[in-house]
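All values reported here derive from a predicted model rather than from experimental measurement. One-based numbering along the sequence shown.
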Amino acid sequence: LTQSLSLDVIIQAVFGVTDRSWMDRFSAAMTAFVGAVHRSFLVFRFLRVELGGLTPYARFRRTQDQVHRMLDEAIAARRAAPEDRPDILGMLLAARYEDGAGMSDTEIRDHLLTLVIAGHETTGLALQWALYELHHTPGPLERLRAELDAAGDGAPEAMAQRPYLQAVCDETLRLWPLSPSMSRKLKAPLELLGYTVPAGQAVAASSYLAHRREEAYPDPERFRPERFLDRTFSPFEFLPF
């Protein structure tokens, strides 16, 4: 349910469309595409064969082709009839490199696909954890409902200014960061806790562990959004992305 909701929202934000039939068709195509991804052919290149359309990779390619066709049609339609709409597709079409050239349709399509896939799945997961925690912890749900009721008509601008709602989002991402660690490859040696990590080595910062440090977050396993109202955490303490 949460992934379906977030996909609806991100389709409108990316494409600026309100045509329900197109949204439903694209949502179904994206869901099939994401569902067709299989770890077997992601890990082993020799499994990326179609064998007459019978393999998992063949099913993946069919769903990929359908999504690509819909994206190509959306890009072509906007190029043919430009509209002044504040959506991401319009921004990508208007973007220019330093030499004044715009992006190709393939580049725009790849950006759109990345935004839709990465945006809706992660948002859906975050919403799921937020609802889980709110309904399993006494107190926060009632306080959040009271704040939202006081906000009035629920306009996005009003919602974005609700401090407790923001705290609920932050506390959810603290307990359940969407990326449990982030890796980087060292360009120079790194001195770390008495060890020298050589250049070229990969190191990872674990947001999952950082978010459970008693020094920064007393009673770290408890869902308590108020901690984000009591103080501001540094990027070394709170790193959900």
Sequence neighbours excluded, the answer for salt bridge (Lys or Arg N to Asp or Glu O under 4.0 Å) partners of Arg78 is Asp87

Please identify each residue that fulfils side-chain contact (heavy atoms from CB on, under 4.5 Å) with Val49, with sequence neighbours left out.
Leu51

Remaining members of the apolar cluster that contains Leu209, side-chain heavy atoms under 4.5 Å
Tyr208

Could you pull out all residues at least two apart from Arg212 that satisfy salt bridge (Lys or Arg N to Asp or Glu O under 4.0 Å)?
Glu221

Tell me which pairs pass ring pair (Phe, Tyr, Trp, His ring centres under 6.0 Å) where either residue lies in residues 29-51, with sequence neighbours left out.
Phe33-Phe60, Phe41-Tyr57, Phe41-Phe60, Phe44-Phe46

Between side-chain atoms of residues 192-205 and protein atoms elsewhere (two or more places apart, or another chain), which donor-acceptor pairs fall under 3.5 Å?
unit_1	atom_1	unit_2	atom_2	d
Thr196	OG1	Glu191	OE1	3.1
Thr196	OG1	Glu191	OE2	2.7

Sorted by chain and residue number, the side-chain contact (heavy atoms from CB on, under 4.5 Å) partners of Ala58 (sequence neighbours excluded) come out as Glu50, Thr55, Arg62

Looking at Tyr217, I'd like to know if the NZ or CZ of Arg174 sits under 6.0 Å from its six-membered ring centre while staying within 45 degrees of the ring's axis.
yes

What pairs with Ser179 under side-chain contact (heavy atoms from CB on, under 4.5 Å), at least two apart in sequence or on another chain?
Met182

Under the rule for salt bridge (Lys or Arg N to Asp or Glu O under 4.0 Å), what residues qualify as partners of Glu73, not counting sequence neighbours?
none

Go through the structure and list residues passing side-chain contact (heavy atoms from CB on, under 4.5 Å) with Asp105, not counting sequence neighbours.
Ile75, Arg79

Restricting to pairs with a member in residues 80-108, which pass ring pair (Phe, Tyr, Trp, His ring centres under 6.0 Å), not counting sequence neighbours?
none

For residues 1-11, tabulate all N or O donor-acceptor pairs below 3.5 Å that involve a side-chain atom, not counting sequence neighbours.
unit_1	atom_1	unit_2	atom_2	d
Thr2	OG1	Gly124	O	2.8
Ser6	OG	Thr2	O	3.1
Ser6	OG	Gln3	O	3.1
Ser6	OG	His120	O	2.8
Asp8	OD1	Arg20	NH2	3.0
Asp8	OD2	Arg20	NH1	3.3
Asp8	OD2	Arg20	NH2	3.0

